[in-house]
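Heads up, the thing below is written out as C-alpha coordinates.
Here is the naming used below: chain letters follow the sequence lines, and residue numbers restart at 1 for every chain.
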Number of protein chains: 2
Amino acid sequence: MTTRWLTPEEQRAWRAYVAGYLLLEDAIDRQLQQEAGMPHLYYSILANLSETPERRLRMTDLAEQLKITRSRLTYAVARLEKDGLVRREECRWDKRGTVAVLTDEGHAILENIAPGHVETVRAGLFDRLTPEQVGQLEQIFTQVVQGFQGDGDGEAGPEELPWRRRSSPCSGTSGTSGAPETTGTTGTSGASGA
Amino acid sequence: MTTRWLTPEEQRAWRAYVAGYLLLEDAIDRQLQQEAGMPHLYYSILANLSETPERRLRMTDLAEQLKITRSRLTYAVARLEKDGLVRREECRWDKRGTVAVLTDEGHAILENIAPGHVETVRAGLFDRLTPEQVGQLEQIFTQVVQGFQGDGDGEAGPEELPWRRRSSPCSGTSGTSGAPETTGTTGTSGASGA
DNA sequence: CGATCTTGGTTCAAGTTTGAAACAAACCTA
DNA sequence: TAGGTTTGTTTCAAACTTGAACCAAGATCG
(Lines give C-alpha, C1' and ligand atoms only; values in the text may rest on other atoms or scores of the structure.)
Protein backbone atom coordinates (compact mmCIF):
# COMPACT_ATOMS: atom_id res chain seq x y z
CA MET A 1 0.00 0.00 0.00
CA THR A 2 1.27 3.43 -0.91
CA THR A 3 0.89 5.22 2.38
CA ARG A 4 -1.74 7.85 2.64
CA TRP A 5 0.30 10.80 3.84
CA LEU A 6 -1.33 13.47 5.89
CA THR A 7 -2.93 16.27 3.96
CA PRO A 8 -1.67 19.77 4.64
CA GLU A 9 -4.67 20.40 6.84
CA GLU A 10 -4.03 17.25 8.80
CA GLN A 11 -0.40 18.10 9.18
CA ARG A 12 -1.23 21.48 10.59
CA ALA A 13 -3.76 20.00 12.95
CA TRP A 14 -1.33 17.33 14.05
CA ARG A 15 1.43 19.77 14.74
CA ALA A 16 -0.80 22.09 16.68
CA TYR A 17 -2.21 19.23 18.66
CA VAL A 18 1.13 17.73 19.58
CA ALA A 19 2.62 21.05 20.57
CA GLY A 20 -0.50 21.91 22.49
CA TYR A 21 -0.75 18.81 24.55
CA LEU A 22 2.92 18.86 25.38
CA LEU A 23 2.65 22.41 26.65
CA LEU A 24 -0.53 21.67 28.49
CA GLU A 25 0.67 18.52 30.16
CA ASP A 26 3.86 20.23 31.06
CA ALA A 27 2.07 23.10 32.69
CA ILE A 28 -0.23 20.79 34.59
CA ASP A 29 2.55 18.54 35.75
CA ARG A 30 4.66 21.41 36.87
CA GLN A 31 1.85 23.05 38.76
CA LEU A 32 0.90 19.89 40.59
CA GLN A 33 4.47 18.97 41.24
CA GLN A 34 5.10 22.29 42.87
CA GLU A 35 1.94 22.61 44.88
CA ALA A 36 1.36 19.00 45.72
CA GLY A 37 4.54 17.15 44.94
CA MET A 38 2.83 14.78 42.56
CA PRO A 39 2.43 14.46 38.81
CA HIS A 40 -0.84 14.69 36.93
CA LEU A 41 -1.45 10.97 36.92
CA TYR A 42 -1.28 10.72 40.67
CA TYR A 43 -3.77 13.48 41.03
CA SER A 44 -6.07 11.70 38.64
CA ILE A 45 -5.86 8.58 40.71
CA LEU A 46 -6.97 10.41 43.82
CA ALA A 47 -9.67 12.20 41.90
CA ASN A 48 -11.06 9.04 40.38
CA LEU A 49 -11.14 7.31 43.71
CA SER A 50 -12.89 10.23 45.32
CA GLU A 51 -15.69 10.00 42.82
CA THR A 52 -16.81 6.53 43.72
CA PRO A 53 -19.41 6.05 46.44
CA GLU A 54 -16.98 4.43 48.80
CA ARG A 55 -13.83 6.02 47.53
CA ARG A 56 -12.47 2.69 46.51
CA LEU A 57 -11.77 1.00 43.22
CA ARG A 58 -10.16 -2.18 42.10
CA MET A 59 -6.78 -1.77 40.55
CA THR A 60 -7.87 -3.03 37.18
CA ASP A 61 -10.94 -0.84 37.06
CA LEU A 62 -8.88 2.14 38.03
CA ALA A 63 -6.28 1.38 35.41
CA GLU A 64 -8.94 1.03 32.81
CA GLN A 65 -10.61 4.28 33.67
CA LEU A 66 -7.33 6.08 33.61
CA LYS A 67 -6.22 4.42 30.41
CA ILE A 68 -2.91 3.33 31.83
CA THR A 69 -1.24 -0.02 32.30
CA ARG A 70 -1.64 -2.07 35.43
CA SER A 71 2.07 -1.94 35.94
CA ARG A 72 2.14 1.80 35.93
CA LEU A 73 -0.73 1.97 38.33
CA THR A 74 0.93 -0.41 40.75
CA TYR A 75 3.93 1.84 40.97
CA ALA A 76 1.87 4.97 41.38
CA VAL A 77 -0.38 3.54 44.05
CA ALA A 78 2.63 2.23 45.92
CA ARG A 79 3.95 5.74 46.11
CA LEU A 80 0.63 7.23 47.13
CA GLU A 81 0.29 4.56 49.77
CA LYS A 82 3.67 5.37 51.17
CA ASP A 83 2.50 8.96 51.44
CA GLY A 84 -0.61 7.83 53.23
CA LEU A 85 -3.04 9.16 50.64
CA VAL A 86 -4.25 5.77 49.55
CA ARG A 87 -4.59 2.43 51.25
CA ARG A 88 -4.61 -1.03 49.73
CA GLU A 89 -7.12 -3.63 50.76
CA GLU A 90 -7.62 -7.09 49.45
CA CYS A 91 -10.81 -7.87 47.65
CA ARG A 92 -12.96 -10.22 49.62
CA TRP A 93 -14.82 -11.68 46.68
CA ASP A 94 -11.83 -12.31 44.53
CA LYS A 95 -8.71 -13.20 46.42
CA ARG A 96 -6.60 -12.13 43.49
CA GLY A 97 -7.90 -8.64 43.58
CA THR A 98 -6.66 -5.53 45.32
CA VAL A 99 -8.67 -2.41 45.89
CA ALA A 100 -7.20 1.02 46.31
CA VAL A 101 -8.97 3.13 48.91
CA LEU A 102 -8.67 6.87 49.28
CA THR A 103 -7.75 7.66 52.87
CA ASP A 104 -9.20 10.60 54.74
CA GLU A 105 -5.91 12.32 54.46
CA GLY A 106 -5.87 11.64 50.77
CA HIS A 107 -9.28 13.14 50.42
CA ALA A 108 -8.30 16.19 52.40
CA ILE A 109 -5.22 16.73 50.31
CA LEU A 110 -7.22 16.35 47.17
CA GLU A 111 -9.63 19.04 48.21
CA ASN A 112 -6.74 21.31 48.92
CA ILE A 113 -5.03 20.97 45.64
CA ALA A 114 -8.03 20.66 43.37
CA PRO A 115 -8.60 24.41 43.01
CA GLY A 116 -5.08 25.04 41.82
CA HIS A 117 -5.29 22.23 39.37
CA VAL A 118 -8.60 23.36 37.95
CA GLU A 119 -7.23 26.82 37.63
CA THR A 120 -4.31 25.54 35.59
CA VAL A 121 -6.54 23.53 33.30
CA ARG A 122 -8.72 26.54 32.86
CA ALA A 123 -5.89 28.92 32.18
CA GLY A 124 -4.20 26.58 29.76
CA LEU A 125 -7.22 25.31 27.94
CA PHE A 126 -10.77 26.36 28.62
CA ASP A 127 -10.17 30.05 29.01
CA ARG A 128 -8.89 30.00 25.45
CA LEU A 129 -11.91 28.29 23.97
CA THR A 130 -15.40 29.32 23.04
CA PRO A 131 -18.29 27.21 24.29
CA GLU A 132 -18.63 25.76 20.81
CA GLN A 133 -15.03 24.69 20.83
CA VAL A 134 -15.48 22.97 24.15
CA GLY A 135 -18.19 20.92 22.56
CA GLN A 136 -16.06 20.20 19.54
CA LEU A 137 -13.19 19.12 21.73
CA GLU A 138 -15.40 16.70 23.56
CA GLN A 139 -16.84 15.33 20.38
CA ILE A 140 -13.50 14.86 18.73
CA PHE A 141 -11.88 13.04 21.58
CA THR A 142 -14.91 11.01 22.37
CA GLN A 143 -14.67 9.65 18.87
CA VAL A 144 -11.00 8.96 19.33
CA VAL A 145 -11.61 7.09 22.54
CA GLN A 146 -14.42 5.11 21.01
CA GLY A 147 -12.13 4.20 18.19
CA PHE A 148 -9.74 2.57 20.60
CA GLN A 149 -12.56 1.00 22.49
CA GLY A 150 -13.66 -0.96 19.48
CA ASP A 151 -10.14 -1.94 18.52
CA GLY A 152 -9.04 -4.21 21.29
CA ASP A 153 -11.77 -6.79 20.94
CA GLY A 154 -12.39 -8.56 17.68
CA GLU A 155 -13.31 -5.52 15.66
CA ALA A 156 -16.50 -5.37 17.67
CA GLY A 157 -17.12 -1.74 16.97
CA PRO A 158 -19.27 0.30 19.37
CA GLU A 159 -20.68 -2.81 20.97
CA GLU A 160 -21.63 -3.14 24.58
CA LEU A 161 -19.29 -5.95 25.44
CA PRO A 162 -21.49 -7.07 28.31
CA TRP A 163 -19.06 -9.63 29.62
CA ARG A 164 -16.53 -6.92 30.18
CA ARG A 165 -18.82 -5.02 32.50
CA ARG A 166 -17.68 -6.89 35.56
CA SER A 167 -18.74 -4.43 38.23
CA SER A 168 -16.99 -6.42 40.90
CA PRO A 169 -18.44 -5.84 44.34
CA CYS A 170 -15.04 -4.74 45.47
CA SER A 171 -14.99 -1.54 43.50
CA GLY A 172 -17.28 1.23 44.51
CA THR A 173 -20.73 0.76 43.01
CA SER A 174 -19.63 2.88 40.10
CA GLY A 175 -20.64 0.99 36.99
CA THR A 176 -18.62 1.71 33.90
CA SER A 177 -18.15 5.09 35.50
CA GLY A 178 -20.74 7.23 33.88
CA ALA A 179 -21.12 10.93 34.41
CA PRO A 180 -19.91 11.99 37.82
CA GLU A 181 -22.71 14.26 38.93
CA THR A 182 -20.52 15.62 41.64
CA THR A 183 -20.08 19.33 41.39
CA GLY A 184 -20.06 20.80 44.83
CA THR A 185 -17.09 20.82 47.12
CA THR A 186 -16.55 17.20 46.35
CA GLY A 187 -16.97 17.94 42.72
CA THR A 188 -13.49 19.28 42.87
CA SER A 189 -12.40 15.81 42.14
CA GLY A 190 -14.90 15.41 39.39
CA ALA A 191 -13.94 18.69 37.91
CA SER A 192 -10.48 17.54 37.12
CA GLY A 193 -11.06 13.87 37.18
CA ALA A 194 -9.53 11.96 34.35
CA MET B 1 -11.17 33.61 44.98
CA THR B 2 -13.78 30.90 45.03
CA THR B 3 -12.47 28.63 42.32
CA ARG B 4 -14.35 28.49 39.10
CA TRP B 5 -14.98 24.78 38.79
CA LEU B 6 -15.37 23.24 35.42
CA THR B 7 -18.84 23.23 34.01
CA PRO B 8 -20.34 19.85 33.16
CA GLU B 9 -19.54 20.45 29.51
CA GLU B 10 -15.97 21.28 30.34
CA GLN B 11 -15.66 18.26 32.55
CA ARG B 12 -16.86 16.00 29.80
CA ALA B 13 -14.52 17.59 27.31
CA TRP B 14 -11.62 17.33 29.70
CA ARG B 15 -12.22 13.70 30.45
CA ALA B 16 -12.56 12.80 26.82
CA TYR B 17 -9.46 14.75 25.95
CA VAL B 18 -7.28 13.21 28.63
CA ALA B 19 -8.43 9.70 27.88
CA GLY B 20 -7.98 10.31 24.20
CA TYR B 21 -4.49 11.64 24.26
CA LEU B 22 -3.33 8.93 26.61
CA LEU B 23 -4.66 6.26 24.30
CA LEU B 24 -3.29 8.00 21.26
CA GLU B 25 0.15 8.60 22.66
CA ASP B 26 0.24 5.09 23.92
CA ALA B 27 -0.62 3.66 20.54
CA ILE B 28 1.93 5.83 18.80
CA ASP B 29 4.67 5.06 21.26
CA ARG B 30 4.00 1.38 21.12
CA GLN B 31 3.96 1.29 17.36
CA LEU B 32 7.20 3.20 17.02
CA GLN B 33 8.82 1.25 19.78
CA GLN B 34 8.05 -1.99 18.07
CA GLU B 35 8.88 -1.05 14.54
CA ALA B 36 11.72 1.31 15.16
CA GLY B 37 12.80 0.86 18.74
CA MET B 38 12.25 4.47 19.62
CA PRO B 39 9.57 6.52 21.34
CA HIS B 40 7.51 9.21 19.70
CA LEU B 41 9.74 12.04 20.77
CA TYR B 42 12.77 10.52 19.12
CA TYR B 43 10.90 10.14 15.91
CA SER B 44 9.87 13.76 16.11
CA ILE B 45 13.46 14.79 16.52
CA LEU B 46 14.48 13.00 13.36
CA ALA B 47 11.46 14.35 11.53
CA ASN B 48 12.11 17.92 12.55
CA LEU B 49 15.72 17.70 11.53
CA SER B 50 14.79 16.25 8.18
CA GLU B 51 12.63 19.21 7.40
CA THR B 52 15.35 21.79 7.53
CA PRO B 53 17.32 22.61 4.39
CA GLU B 54 20.51 21.12 5.71
CA ARG B 55 19.00 18.64 8.09
CA ARG B 56 20.55 20.37 11.01
CA LEU B 57 19.26 22.41 13.89
CA ARG B 58 20.70 23.93 17.00
CA MET B 59 19.79 22.18 20.18
CA THR B 60 17.88 25.11 21.55
CA ASP B 61 15.92 25.66 18.38
CA LEU B 62 15.07 22.02 18.24
CA ALA B 63 13.97 21.97 21.85
CA GLU B 64 11.81 24.97 21.28
CA GLN B 65 10.14 23.55 18.24
CA LEU B 66 9.46 20.32 20.02
CA LYS B 67 8.27 22.06 23.16
CA ILE B 68 10.56 20.08 25.41
CA THR B 69 13.32 21.00 27.82
CA ARG B 70 16.93 21.25 26.81
CA SER B 71 17.78 18.60 29.29
CA ARG B 72 15.41 16.14 27.79
CA LEU B 73 16.69 16.85 24.34
CA THR B 74 20.28 16.35 25.38
CA TYR B 75 19.46 12.89 26.60
CA ALA B 76 17.47 11.98 23.53
CA VAL B 77 20.06 13.23 21.09
CA ALA B 78 22.75 11.37 22.97
CA ARG B 79 20.87 8.17 22.40
CA LEU B 80 20.18 8.90 18.77
CA GLU B 81 23.81 9.74 18.30
CA LYS B 82 24.86 6.46 19.84
CA ASP B 83 22.61 4.76 17.32
CA GLY B 84 24.21 6.72 14.53
CA LEU B 85 21.04 8.48 13.44
CA VAL B 86 22.18 11.90 14.46
CA ARG B 87 25.53 13.56 14.72
CA ARG B 88 26.59 16.47 16.89
CA GLU B 89 28.63 19.32 15.53
CA GLU B 90 29.76 22.45 17.21
CA CYS B 91 28.43 25.74 16.01
CA ARG B 92 31.09 27.82 14.37
CA TRP B 93 29.52 31.18 15.05
CA ASP B 94 28.78 30.58 18.65
CA LYS B 95 31.24 28.40 20.42
CA ARG B 96 28.66 27.56 23.04
CA GLY B 97 26.31 26.08 20.56
CA THR B 98 25.82 22.54 19.38
CA VAL B 99 23.94 21.54 16.29
CA ALA B 100 22.30 18.21 15.80
CA VAL B 101 22.64 16.87 12.28
CA LEU B 102 20.59 14.08 10.77
CA THR B 103 22.96 11.48 9.34
CA ASP B 104 22.27 9.70 6.10
CA GLU B 105 21.46 6.62 8.04
CA GLY B 106 19.10 8.58 10.21
CA HIS B 107 17.37 9.89 7.15
CA ALA B 108 17.08 6.46 5.65
CA ILE B 109 15.63 5.03 8.83
CA LEU B 110 13.18 7.88 9.03
CA GLU B 111 11.89 7.19 5.56
CA ASN B 112 11.43 3.58 6.45
CA ILE B 113 9.43 4.11 9.56
CA ALA B 114 7.44 7.16 8.53
CA PRO B 115 4.71 5.24 6.73
CA GLY B 116 3.93 3.09 9.73
CA HIS B 117 3.85 6.08 11.97
CA VAL B 118 1.56 8.04 9.71
CA GLU B 119 -0.70 5.05 9.48
CA THR B 120 -0.97 4.90 13.24
CA VAL B 121 -1.77 8.57 13.52
CA ARG B 122 -4.34 8.19 10.84
CA ALA B 123 -5.94 5.12 12.35
CA GLY B 124 -6.05 6.59 15.82
CA LEU B 125 -7.06 10.09 14.97
CA PHE B 126 -7.76 11.36 11.49
CA ASP B 127 -9.72 8.43 10.22
CA ARG B 128 -12.18 9.12 13.00
CA LEU B 129 -12.68 12.76 12.15
CA THR B 130 -14.58 14.69 9.55
CA PRO B 131 -12.74 17.38 7.60
CA GLU B 132 -14.51 19.98 9.69
CA GLN B 133 -13.25 18.39 12.85
CA VAL B 134 -9.71 18.40 11.56
CA GLY B 135 -10.06 22.13 11.16
CA GLN B 136 -11.55 22.50 14.60
CA LEU B 137 -8.77 20.49 16.13
CA GLU B 138 -6.18 22.71 14.53
CA GLN B 139 -7.96 25.84 15.60
CA ILE B 140 -8.38 24.71 19.18
CA PHE B 141 -4.81 23.68 19.73
CA THR B 142 -3.41 26.60 17.86
CA GLN B 143 -5.16 28.80 20.37
CA VAL B 144 -3.81 26.72 23.22
CA VAL B 145 -0.28 27.00 21.92
CA GLN B 146 -0.62 30.72 21.40
CA GLY B 147 -1.84 31.01 24.93
CA PHE B 148 1.39 29.57 26.21
CA GLN B 149 3.39 31.59 23.76
CA GLY B 150 2.16 34.81 25.27
CA ASP B 151 2.60 33.64 28.82
CA GLY B 152 6.31 33.31 29.21
CA ASP B 153 7.19 36.86 28.36
CA GLY B 154 5.66 39.73 30.25
CA GLU B 155 2.09 39.16 29.19
CA ALA B 156 3.08 40.21 25.71
CA GLY B 157 0.25 38.43 24.03
CA PRO B 158 0.51 37.52 20.33
CA GLU B 159 3.52 39.75 19.81
CA GLU B 160 6.33 39.06 17.45
CA LEU B 161 9.14 39.02 19.96
CA PRO B 162 11.67 39.93 17.30
CA TRP B 163 14.67 39.51 19.56
CA ARG B 164 13.74 35.88 20.06
CA ARG B 165 13.88 35.16 16.38
CA ARG B 166 17.57 34.44 16.51
CA SER B 167 17.84 32.43 13.35
CA SER B 168 21.39 31.53 14.16
CA PRO B 169 23.42 30.66 11.08
CA CYS B 170 24.12 27.30 12.63
CA SER B 171 20.63 26.00 12.32
CA GLY B 172 19.30 25.21 8.90
CA THR B 173 17.96 28.32 7.26
CA SER B 174 14.54 27.41 8.58
CA GLY B 175 13.20 30.48 10.25
CA THR B 176 10.68 29.94 13.00
CA SER B 177 9.88 26.80 11.07
CA GLY B 178 6.88 27.71 9.05
CA ALA B 179 4.84 25.32 7.01
CA PRO B 180 6.94 22.43 5.80
CA GLU B 181 5.88 22.23 2.19
CA THR B 182 7.39 18.83 2.05
CA THR B 183 4.89 16.27 0.97
CA GLY B 184 6.59 13.84 -1.30
CA THR B 185 8.75 11.02 -0.13
CA THR B 186 10.59 13.39 2.09
CA GLY B 187 7.32 14.74 3.25
CA THR B 188 7.22 11.66 5.33
CA SER B 189 8.92 13.64 7.95
CA GLY B 190 6.69 16.60 7.49
CA ALA B 191 3.67 14.43 7.55
CA SER B 192 4.25 13.38 11.08
CA GLY B 193 6.62 16.10 12.12
CA ALA B 194 5.96 17.50 15.51
C1' DC C 1 39.44 46.00 30.28
C1' DG C 2 37.22 43.23 34.07
C1' DA C 3 33.22 42.11 36.88
C1' DT C 4 28.75 40.51 36.06
C1' DC C 5 24.73 38.86 33.82
C1' DT C 6 22.70 36.00 30.32
C1' DT C 7 22.55 32.21 27.26
C1' DG C 8 23.56 27.36 25.40
C1' DG C 9 24.28 22.89 26.86
C1' DT C 10 25.44 19.15 29.75
C1' DT C 11 25.48 16.43 34.04
C1' DC C 12 23.70 14.20 38.02
C1' DA C 13 20.55 12.07 41.20
C1' DA C 14 15.94 10.96 42.01
C1' DG C 15 11.64 9.66 40.27
C1' DT C 16 8.75 7.59 36.69
C1' DT C 17 7.44 4.52 32.83
C1' DT C 18 7.81 0.32 30.17
C1' DG C 19 7.36 -4.45 28.82
C1' DA C 20 8.32 -8.79 29.88
C1' DA C 21 8.39 -12.30 33.32
C1' DA C 22 6.69 -14.24 37.59
C1' DC C 23 2.95 -15.50 40.75
C1' DA C 24 -1.24 -16.80 42.48
C1' DA C 25 -6.09 -17.30 42.54
C1' DA C 26 -10.17 -18.39 39.70
C1' DC C 27 -12.16 -20.71 36.00
C1' DC C 28 -12.96 -24.40 32.71
C1' DT C 29 -13.11 -28.93 31.02
C1' DA C 30 -12.66 -33.66 30.46
C1' DT D 1 -10.97 -33.04 40.57
C1' DA D 2 -6.51 -32.76 38.22
C1' DG D 3 -4.58 -30.13 34.55
C1' DG D 4 -4.53 -26.25 31.67
C1' DT D 5 -5.93 -21.64 30.70
C1' DT D 6 -7.26 -17.09 31.93
C1' DT D 7 -7.28 -13.13 34.92
C1' DG D 8 -5.43 -9.81 38.59
C1' DT D 9 -1.43 -7.93 40.22
C1' DT D 10 3.30 -7.37 41.34
C1' DT D 11 8.28 -7.44 40.33
C1' DC D 12 12.45 -6.41 37.89
C1' DA D 13 15.72 -4.29 34.86
C1' DA D 14 16.28 -1.02 31.40
C1' DA D 15 15.02 3.25 29.44
C1' DC D 16 13.22 7.82 29.93
C1' DT D 17 12.12 12.36 32.25
C1' DT D 18 12.84 15.99 35.55
C1' DG D 19 14.81 19.93 37.85
C1' DA D 20 18.48 21.70 39.92
C1' DA D 21 23.33 22.49 39.72
C1' DC D 22 27.18 23.42 36.86
C1' DC D 23 30.40 25.03 33.24
C1' DA D 24 31.75 27.75 29.48
C1' DA D 25 31.12 31.25 26.02
C1' DG D 26 28.61 35.66 24.59
C1' DA D 27 26.89 40.11 25.96
C1' DT D 28 26.76 44.31 29.12
C1' DC D 29 28.26 48.10 31.41
C1' DG D 30 31.02 51.18 34.21
Whole angstrom value for the distance that separates P of D:dT9 from CG of A:L62: 10 Å

Using the rule side chain to side chain donor-acceptor pair (under 3.5 Å), only one of B:R30, B:E25, B:Q31 pairs with B:H40; which is it? B:E25

Using heavy-atom distances to pick each residue's nearest nucleotide on DNA chain D, tell me which of B:K95 and A:T98 is more 5'. A:T98

Return whichever of A:R96 or A:M38 has its heavy-atom-nearest nucleotide of DNA chain C closer to the 5' end. A:M38

Should the side chain of B:S71 and the base of D:dG19 be counted as holding a donor-acceptor pair, with the cut-off at 3.5 Å? yes

Quick one: A:R58 CZ to C:dA25 C1', roughly how many Å, whole number? 11 Å

Distance in angstrom units between A:Y42 OH and D:dT17 P, rounded: 15 Å

Report the residue (A:P39 or B:M59) whose heavy-atom-nearest nucleotide on DNA chain C is the more 5′ of the two. B:M59

Minimum heavy-atom separation for A:A13 and B:E138, please, with both atom names. CA-CB, 3.7 Å

Atom pair distance, as rounded to whole Å: CD1 in A:I68 and P in D:dG8: 16 Å

Using whole Å, what does the distance between atom C1' of nucleotide D:dT17 and atom CZ of A:R30 come to? 12 Å

Within the modelled atom types, does a donor on one side and an acceptor on the other bring the side chain of B:R72 and the base of D:dT18 under 3.5 Å apart? no

Using OP1 and OP2 only, check whether a side-chain N or O of B:R70 sits under 4.0 Å from D:dG19. no

Do the side chain of B:T103 and the main chain of B:R87 share a donor and acceptor less than 3.5 angstrom apart? no

Nucleotide C:dG8, atom P - distance to CH2 of B:W93 in whole Å: 16 Å

Just how far, in rounded Å, is C1' of D:dT18 from CD of A:Q31? 17 Å

Least distance between heavy atoms, A:F148 atom then B:A27 atom: CE2-CB, 3.6 Å

Does A:R79 place a side-chain N or O at less than 4.0 Å from the phosphate oxygens OP1/OP2 of C:dT16? yes

Is the shortest distance from a Lys or Arg side-chain nitrogen in B:R96 or B:E90 to a carboxylate oxygen in the other one below 4.0 Å? no

Does C:dT16 have its OP1 or OP2 closer than 4.0 Å to a side-chain nitrogen or oxygen of A:Y75? yes

Could you state the atom-to-atom distance from CG of B:D94 to P of C:dT10 in whole Å? 13 Å

Taking only side-chain N and O atoms of B:T69, does any of them lie within less than 4.0 angstrom of OP1 or OP2 on D:dG19? no

